[in-house]
Each structure stands twice: as C-alpha cells, then as structure tokens.
Amino acid sequence: MNEIIAYVFIGTGLVFDFFGCLGLVRFPDIYNRLHSSIKCVTLGTSSILFGLFLYKGFSPAGVKALLCIVFLVLTAPVSAHVLARSAHKSGVKLWEKSVCDKYEEDERVHS
Amino acid sequence: MRHLRWFLGLIGILATLSAIIFLPLPSLLEWQSVFLKRAFFTLMLSGLFCLWRIVMGPTPADRAAALDIFGILILGFSAILGIPTGRDWYIDIGIAWALQSFISILALGKYLEGRRFDE
Amino acid sequence: MVKTRITLFVLAFLLWIFLHWSVDAGHLAGGVLVGIFVSFMTAGLFKKDAGISRKSPSAITSSDFRSSMADYFILSHTVKNMKRYMWFFFYIPVFIWECLKANLEGAWRVAHPSLPIRPGIVKVKTTLKSDTGLTFLANSLTLTPGTMTVDIDRERGFLYVHWVDVKSEDIDKATELLVRRFERILKRIFE
C-alpha cells in the first residue's frame, strides 16, 4: 500500500518536472523561462523525494530525503532570484510584448 | 504558424512519451519494477530539454538558468535510483550535487552581474 | 555571540544526527566535535544579523554565559514565542496549497497553444522590516502563482516582482493582489 502511494507521488512529480522543462523550451525570454520552470521543478522534485520517503520509511535514506525537501524549498527560489537579477543587470531585455518594466525605470532614476 | 508549430511539437512529444511508455526499453540496471524504469526515462527526456536550452540559449543567463534546473533534476535522478537498487548512498550523491550546484549558481550570478567575487 | 554559538552548535548537531539517523557513541561523539568546529568557525558570519551580543567576545563572564544559557533553554523562551510557532505551522499548509495552485497554473500556461502570457515587472510595497521576514516573503512570492521576485529594496521597502499575467501596473493595486495574503501571516511570525 505504501509502495502504491509512493509511486503516485513519484508520478505526479514526474509530470510537473516534465512541464517545467517544457516551459524552459517554450517561453520567449529568460524571466518567463525561470518563472515557469523553477516552480514546477521545485514541487516536482520535492514530490519525488517525498515518494522516496514514503517508500523507505524512517530509514537513513528517507530522512535524508525529507531534509533534501527543506533544503530545496529554501534554496531554489534564491537561485532563481539571483539569476533573474543578474540577467537584468547584465542587460538582458524583456520580451518585446511585455507590459511594463518598473525595475528599469527605477534603476535609471537612481543612477 | 504558431499553432502549426505547437501541433508538430505535440505530435513529437506524444510520440516520444508513448515510445517511453509502451516500447520495451533497454535495461540499464536490475530494475525491480517497470514503472521506475519508465519514470527514469521520462526524467531523462526532461533533462534533454534542459540540454537543448543550454546549447541553444541566446544569452549566458539562459544557459545558467538551464544549468540550475538541470542540477535540481539530478536530485530527482538520484532519488529514483535509490529505490530499485536498494542502496542508500545514491541520495547522498543527490544532496552533494544540489549543494554544489546552488553555490556555483550563486557564483555565476555574481559573475554575470559584473561584480567582483570578494565583495 | 554565546547565544549564536549555542544555536549553531545545536543546529549542526541535530543535522548530523538526522543525516546519520542512528544513535551510537561514535556518531554522537563525531557530531559533538563537528558541531563545536562549525559553531566556532562560522559564528562570526551571523554577528550583524543576530544582534544579540552587546559585549565583545572576550568580555563574556561566566554569569553572563549562565544567564544566556538559562534564557535559551528554559521554558519561558518557548512559551513567550509559542504564538509565533503556531502561526508558522498555520503558514505551512497555506504555502503548500498556493504552491500546488501555482504549479497547475504553470502547467496550463505551458501546454496552452497560444501561450497566454502578458509579462512585466511591477513594484510592490511591503511593511516587513526583518531580514528573515523579507526572505520568506520573497521565497513565497517566487513559489506561488504568477510571480517571481527580481530584487528587494530594503531601505524603501519595495519589492520588484516579475508578474507573468499583469493585472494592474499600479503599485497599491498590485500590493493588494500579491502581497497581502502572505504579509498578514508573516508579520505575526517574524515581527
């Protein structure tokens, strides 16, 4: 029974991972790519790790999987934030159909 | 034009997915269950998308983003590998890879931003 | 400084125990050694953030040490902050629910043939002041539907948010739509 629930979690995680990486290919500029992929891949991999925890129970591998979930949820948004900021500062433009860019306006005002 | 491209892409992805699900796949390890083997190959397909973005990305920031996503996928790979082989140290590889990938992405971001490393 | 060191030691020791998941003498001794090493090497990094020690490290007396130990381990600390922990546990399911919604929405956007996006970077206000609170707010915004934090302006209390489906460019309206639901809870946890 535990095995089946673990497989359900792993399958959900695989679907989210797949859609996240598809977003990496489909979207037009770096901000949208990061935006779609970091969310889907974080939850997808967390789900796979939770499936591993359900499969292994409270053994060393299972507890490590739980710690990995905490680590992933804390660090994946930070890396996305760093990449988006550095892309903007290194001069990558937004998609041409974007609505507004308040960040660039403020940068111009302050500098 | 856009819808035609979407349709072609849909056909390609569905063909690949059905090949993964229904065809007999080469067995890399002693798999205990068929589901995990298919899962492993689906994850490899996602990794292929990341590699596509690393190769084709127009700006360096795109490549760095795809590298970050690929690092997280490796964690999923090692988590799945831990189940059929029954070895606990695969998840250790995943933890080490994720930590190191996070640090390297921070360094890459600083480099792209044009700041010095000792700031 | 002492408090920071004790916190770091406890955290490192717990992490060590969780990573090994076995209680025997060798592992415990290794955990104590590694914890002491980590706490002495890295306590200086948290000096500004913790803001606890008002004396220099050499001026710590034994009574000072004892009082900080008592303050740390005694129950009053826990009881005083009990409400915060309760709100934190209330925050986790809210966060998971928003995260699930974000993922379903993201998958829908990716699979849609005509790519229904209207992206832009908007500016929102926040009233949170502490570092931890701002970090949690930015991380929550990144993992929830339609938004990704690009930069934080701490002095003026602004966040620059990449929104994939811009509903309003106005700063007050955007704040109302994006930040309110988390800020209410995070304010109770961290301030």
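Chain A is the first sequence line, chain B the second, and so forth, proteins listed ahead of strands; every chain is numbered from 1.
Ala79(B) and Leu52(A) get closest at one heavy-atom pair: O-CD1, 3.5 Å.
Only the side chain of Pro58(B) comes within less than 4.5 Å of a heavy atom of chain A; its backbone N, CA, C and O stay farther away. Looking at Trp89(B), neither its backbone nor its side chain comes within 4.5 Å of chain A, counting heavy atoms on both sides. Contacts of Phe71(A) with chain B are made by side-chain atoms alone, with heavy-atom separations under 4.5 Å and no backbone atom involved. Of the two parts of Leu24(A), the backbone and the side chain both hold a non-hydrogen atom closer than 4.5 Å to a non-hydrogen atom of chain B. Looking at Ile72(B), both its backbone and its side chain come within 4.5 Å of chain A, counting heavy atoms on both sides. Only the side chain of Leu34(A) comes within contact range of chain B, with at least one heavy atom under 4.5 Å from a heavy atom of that chain.
Of the listed residues (Ala39(B), Gly76(B), Gly94(B)), the one with the most heavy-atom contacts under 4.5 Å to chain A is Ala39(B). Of all the listed residues (Leu48(B), Asp68(B), Leu45(B)), the one sharing the greatest number of non-hydrogen pairs under 4.5 Å with chain A is Asp68(B). For the set Gly91(A), Ser37(A), Ala87(A), the count of heavy-atom pairs under 4.5 angstrom toward chain B peaks at Ser37(A). Contact tally against chain B (heavy-atom pairs below 4.5 Å) for Ile30(A), Val92(A), Val78(A), Leu72(A): the top residue is Ile30(A). Each of Cys68(A), Gly51(A), Ala65(A) has some count of heavy-atom pairs under 4.5 Å with chain B, and the biggest count is that of Cys68(A).
Within residues 10-22 of chain B, the residues approaching chain A closer than 4.5 Å by heavy atoms are, in numerical order, Ile13(B), Leu17(B). Residue-level contacts of residues 40-48 of chain A with chain B, in order of numbering, are Val41(A), Thr45(A), Ile48(A); threshold 4.5 Å between heavy atoms.
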Report the C-alpha separation of Tyr90(B) and Phe77(B) in whole Å, then their side-chain angles, then the decisive distance to 0.1 Å, and conclude whether the side chain to side chain contact (heavy atoms under 4.5 Å, CB included) test is met. CA-CA 9 Å; Tyr90(B) 273 112; Phe77(B) 269 113; over 6 Å; no
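Comment: Lys64(A) does not engage Asp88(B) in a salt bridge, judged by the lack of any side-chain N to carboxylate O separation of less than 4.0 angstrom.
In this model, no donor atom of one side chain and acceptor atom of the other lie less than 3.5 Å apart for Ser46(B) and Asp17(A).
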